[in-house]
Amino acid sequence: MKDIATIKRPGVKDDWGNVTSEPVEFTLKCRADIVTNVVQNQLGEEVVSGASFMFDKLADIRYDDEISYTNELGVTVERTPIKIDYPKITKVVLTRVYV
C-alpha cells in the first residue's frame with residue numbers, strides 16, 4: 001500500500017454536547033481508488049461513492065471521521081465515510097471505506 005490518507009477525528013462530546021477533548025489527526029497507509037460506486041450506507045440507502053480506500057487489517061476508522069487524500073496530480077479529496085466494510089476470510093484482512 002503506497003498511498004497515504006490523513007484521518008481527522010473530531011473531539012469527543014459529552015452528554016451536553018460540549019467538546020471535551022481536542023481533535024486528533026493521524027495518517028495511515030492505504031490504497032486509494034478514485035472511482036464512482038453505488039453502495040448501501042449504514043442506513044441501507046443506496047448512495048453514490050466517489051472514492052474508496054483500502055487499509056491494512058482492522059483500521060480504526062469511524063463514520064464521524066474525515067478522510068483526506070491528495071493524489072499524484074495534487075487534487076485533494078476530503079470526505080466522511082459513507083460505508084465501512086470489513087471483508088474477512090477467517091479474520092479481518094483489510095478495512096474498505098467508501099467516501
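All figures in this text were calculated on a predicted structure; none of them were measured in a lab.
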Checklist entry - When you check the gap from the basic side-chain N to the acidic O, do E66 and R9 get nearer than 4.0 Å? => result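 No, no charged N to carboxylate O under 4.0 Å.
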Shortest non-hydrogen contact from [X] to [Y]?
X	Y	answer
A5	I7	O-CD1, 3.8 Å
Y86	I61	OH-O, 4.1 Å
P81	D65	CD-O, 3.1 Å
I34	A51	CD1-CB, 3.8 Å
R79	V99	CB-CB, 3.9 Å

Next on the checklist: Once side chain to side chain donor-acceptor pair (under 3.5 Å) is applied, what residue pairs with a partner in residues 41-50 remain, sequence neighbours excluded?
Outcome noted: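 The answer is N41-E45.
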Approximate separation, where rounding is to 0.5 Å, of [X] [atom1] and [Y] [atom2]:
X	Y	atom1	atom2	result
T6	K8	OG1	NZ	7.0 Å
D56	L58	CG	CG	10.5 Å
K2	C30	NZ	SG	12.0 Å

Checklist entry - Can you find a heavy atom in the side chain of V97 that is under 4.5 Å from one in the side chain of S52? => result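 No, too far: nothing below the 4.5 Å cut-off.
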Checklist entry - With a 4.5 Å limit on heavy-atom distance, are the side chains of I84 and Y63 in contact? => result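 Yes - at least one pair of side-chain heavy atoms lies under 4.5 Å apart.
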Item to check | Residues clustering with I4 (ILVMFWY side chains joined when closer than 4.5 Å, directly or via others) | outcome: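 Hydrophobic cluster check, I4: no partners found.
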Checklist entry - Got a sec, which hydrophobics cluster with V47, joining ILVMFWY side chains under 4.5 Å apart, including via others? => result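 ILVMFWY cluster around V47 also holds V39, I82, Y98.
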List for me each residue that meets side chain to side chain donor-acceptor pair (under 3.5 Å) alongside [X], sequence neighbours excluded, and say none if there are none.
X	answer
E22	none
T80	none
T76	T70

Under the 3.5 angstrom rule, does the side chain of [X] hit a backbone N or O of [Y] as a donor-acceptor pair?
X	Y	answer
D3	R31	no
T95	A59	yes
D33	V35	no

